[in-house]
Amino acid sequence: MSVERISGGSSLVSCPPREKWDDWHEWDAKEWPRRVERRYMLVPTICFNCEAACGLLAWIDKDSKRIRKFEGNPLHPASRGRNCAKGPATINQVNDPERILHPLRRAGRRGEGKWERVSWDRVLEEIGGRIRKAFLEGRRNEVMYHVGRPGHERTMDRILKAWGIDGHNSHTNVCSASARLGYALWSGFDRPSPDHARARFILLLSAHLESGHYFNPHAQRIVEGKLRGAKLAVMDPRLSNTASLADFWLPTYPGSEAAVLLAMANVILDEGLADLAFVERWTNWAQYLEDRHPGEEPSFVRFLESIRAHYREFTPAFAEAESGVRRERIVEVARLVGQARGAFASHVWRGTASGNLGGWQVARALQLLTVLTGSFGTPGGTSPHAWNKYKPTFWEEPPGQSEWNELLFPREWPLSHYEMSFLLPHFLKEGRGRLDVYFTRVYNPVWTNPDGMTWMEVLQDESLVGLHAALTPTWSETAAFADYVLPMGHGGERHDIQSQETQSGRWVSFRQPVLRVARERMGESFEYTYQANPGEVWEEDEFWIELSWRIDPDGSLGIRRHFESPYRPGEKLSVREYYRWIFENAVPGLPDAAAREGLTPFDFMSRHGAFLIEDERHVKRLDAKTEFPTPSRKLEIWSRTLRDWGWEQEALPGYVRSHVHRGRLDAGKGEMVLVPTFRLPTLIHTRSGNAKYLNEISHRNPLWIAPRDAERLGLTSGALIRVSTEIGYFVNRAWVTEAIAPGVVACSHHLGRWRLREGEGSRWSTAHVAFEKRSESGYLLRQVEGVGPFPSADPDSRRIWWSDAGVHQNLAFPVHPDPISGMHCWHQKVVVGKARPDDRYGDVFVDTARSMDVYREWKALTRPAPGPGGLRRPLWLDRPVRPADAMFKLG
Ligand code: SF4
């Protein structure tokens with residue numbers, strides 16, 4: 001075959017045509033000026049470096065059978081061939097000379113740093129046997145799976161239900177649970193799906209263009225919307241790259257956003273801009289009147305009168321006082337939102353919702369604007385996620401489990417939208433239970449969660465955590481405290497199905513182990529994916545199938561039958577059969593599309609990597625038959641659920657004064673508010689730690705501080721500072737900038753990675769640290785050495801020129817569980833000052849006794865179950881891996 005040129009006429013072709021993906025030839029640029037030809041097979045997969053699930057194409061050298069690079073997959077309907085820096089950096093993760101290649105078992109005390117290599121067979125036997133014993137002894141709640149980045153659709157739901165356990169824990173309550181609850185209370189759907197590309201006005205409460213939720217797919221469509229004439233407003237106390245590209249930057253004081261949104265609602269109502277016919281047709285206004293004005297005439301006019309009286313206090317002047325944003329600007333934006341009628345796209349996911357006490361009310365207030373402008377489920381508006389997202393079904397579904405695990409959904413937080421995951425160590429310390437087998441999967445709570453020191457204490461206590469298995473593609477601060485470290489695949493090393501509500505349209509994509517696929521196409525065959533991956537890096541799907549058979553080898557527990565083939569009765573399910581069944585039976589339109597190309601549905605997905613189920617012209621819209629999964633079947637402006645569960649004052653979309661509201665700061669102590677929630681667009685929590693490209697770009701997280709505040713404190717850029725929290729302090733450097741509102745400081749997460757010992761953390765990103773016990777409950781983390789060159793098989797490791805690893809701020813944060821949503825409220829009251837003489841860059845001090853006190857202070861804000869009917873939780877509110885309905889009843 002002749003060598004193809006990557007050019008076509010006068011314009012560059014960015015990707016070879018799909019018909020040539022099996023055998024693509026080109027010159028090797030690195031060999032220039034010599035002409036050396038390379039032969040590639042291009043295999044699609046999905047990026048695993050954030051939730052967006054963009055398409056990737058792995059370029060596999062057919063001679064060396066190694067992955068040469070990852071680029072975008074132009075056939076993916078959401079990313080369309082475009083990726084952020086983290087997508088191509090997958091190649092760094094695959095080739096990292098320090099990656100974990102084989103299963104490891106601890107050989108000393110837990111956390112001592114001694115490891116021995118073991119076989120997968122031994123891992124399965126030991127863990128499977130222990131789980132089986134727990135099940136036989138009726139200790140099902142002692143087995144827990146705790147996930148950071150899931151990356152698959154419904155797989156674990158099915159597995160855990162098949163095991164009959166209430167053991168699913170997630171990271172969601174340190175991430176998005178707050179906004180989700182706000183959305184769910186309106187419509188029963190806990191995610192929005194804005195149609196940015198066709199909007200007339202876009203309002204973002206986050207930095208979507210640079211780093212927000214569904215970062216790259218959303219960013220593309222926001223830019224498209226702007227190019228078509230849409231205006232963009234961004235609420236953020238920080239001048240993010242997104243805010244700098246917006247038509248309006250609204251630098252709201254942290255936590256004041258709902259006040260601004262409600263003031264906008266008032267303007268829209270006052271100026272006759274609201275779509276009142278929409279509000280009358282689709283909301284449960286009649287229930288509001290029935291409950292709040294019993295005996296009065298049940299007319300929509302009366303409802304409007306009452307609601308306007310209720311919101312009267314949210315004037316632009318009030319919003320200005322709360323937020324610091326000029327009232328004229330608030331009115332101007334409100335008018336544009338109202339004039340966008342039917343085409344107002346908006347989104348909040350983390351940002352203010354995850355930072356503040358009552359942050360879930362921000363999502364409710366934002367949806368109020370969507371409803372008032374009639375932009376719900378319209379082209380250019382905002383739809384519920386389920387209308388645009390695909391979820392697979394299976395050939396058989398295990399029933400809901402007959403268990404309720406109070407370590408996940410304790411009675412104090414009956415409306416918690418997800419598991420109270422970040423309180424797990426606090427619950428264990430309080431004696432609420434123990435864990436016999438604890439899986440962490442792509443999850444690093446010691447480093448990611450608040451109060452990581454308490455996590456460390458608990459993970460080292462074998463009476464509380466009997467066995468800890470860390471399923472992880474990289475070393476992490478948490479894996480160092482495991483009994484088993486089990487290497488799992490990166491984006492191109494495992495199977496998954498993913499679909500996200502990134503746009504108006506519905507798609508499904510297929511992550512696959514690209515080396516296995518390529519080598520099988522070249523004639524080899526493998527029983528397990530780890531046989532084709534680097535070392536013995538495995539994938540979760542096959543691991544769980546194998547483990548399930550070890551737990552129930554003779555089928556007597558009723559577990560094994562859920563892991564038998566739908567094609568070969570009684571025999572073990574293969575990973576190919578699992579996806580084959582879904583693609584053949586559960587993806588509308590896929591079999592026909594495949595047949596048109598002469599492919600099976602599985603081969604179509606393997607060769608395209610994704611399939612567009614419905615495009616924007618065919619997505620669901622509101623029609624006469626539409627009902628919502630809420631108790632009233634309407635959009636709920638008035639929540640009887642909140643009323644019935646003791647929160648009547650919050651039952652309308654409202655404004656909760658945050659725990660960092662100005663009125664709650666002690667001016668005498670010099671308290672300020674710290675915004676610790678923003679991310680750098682090039683980093684990913686833990687997994688970017690072993691991506692050299694990304695660490696070279698981003699490796700420090702100084703404290704943003706406004707010039708006015710810096711001057712008052714006598715600070716200049718680069719000055720060493722101590723930032724004191726409720727439970728300790730951290731030492732960082734100042735960055736004096738106009739890009740942050742006065743009175744507010746900000747520090748990005750994703751940095752401050754550390755390792756206790758050589759071999760337990762990536763040296764591209766971690767500082768070597770030591771812990772010093774300063775009192776019964778006081779610990780100091782101090783950096784012994786920063787990042788530096790090191791010898792390895794990758795010559796770039798000797799060329800590391802940066803020495804900074806950043807500062808681990810989360811360690812110094814106490815837990816702040818919101819009493820309603822259960823979300824950790826990330827923002828912190830802090831005192832900023834010059835560093836003390838013995839402070840060193842990167843120091844973090846924490847008193848864990850004090851952190852337990854703060855936990856108890858927040859717990860005291862709750863209003864525990866039972867609620868109406870003796871329930872632990874309202875039956876209509878969903879929860880992950882939903883148990884049988886009978887389990888919702890307390891007692
Ligand atoms: S936005 Fe970036 S990190 Fe996220 S899936 Fe897409 S390419 Fe990967």
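Note that ligands are numbered from 1 as they come in the structure, with each ligand's atoms numbered from 1 the same way. The first residue of the sequence shown is numbered 1, and numbering continues consecutively from there. Nothing here was measured: the structure is a model prediction, and the numbers come from that model.
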- Item | Atoms of the protein (N/O/S only) found under 2.8 Å from atom 4 (Fe) of ligand 1 |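 Metal shell, protein only: Cys50 SG.
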- Item | Pairwise side-chain contact, Glu616 with Gln503, heavy-atom cut-off 4.5 Å (strictly under) |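 Answer no - side chains too far apart.
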- Verify whether one side chain among Ser504 and Arg198 offers a donor that lies under 3.5 Å from an acceptor in the other.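 Yes, side-chain donor-acceptor contact under 3.5 Å.
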- Task: Could I get the full list of salt bridge (Lys or Arg N to Asp or Glu O under 4.0 Å) partners for Arg149, not counting sequence neighbours?
- Result: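 With sequence neighbours excluded, Arg149 shows a salt bridge (Lys or Arg N to Asp or Glu O under 4.0 Å) to no residue whatsoever.
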- Picking from Phe422, Tyr418, Phe813, what satisfies ring pair (Phe, Tyr, Trp, His ring centres under 6.0 Å) with His824?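 Among Phe422, Tyr418, Phe813, the one that satisfies the ring pair (Phe, Tyr, Trp, His ring centres under 6.0 Å) with His824 is Phe422.
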- Task: Heavy atoms only: give me the nearest Asp61-Ser64 pair and the separation to one decimal.
- Result: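 Smallest interatomic distance, heavy atoms only, reads OD1-N, 3.1 Å.
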- Message: Would you call the rings of His218 and His213 parallel, tilted or perpendicular, taking 30° and 60° as the class edges?
- Response: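 Rings of His218 and His213: perpendicular, as their planes differ by over 60°.
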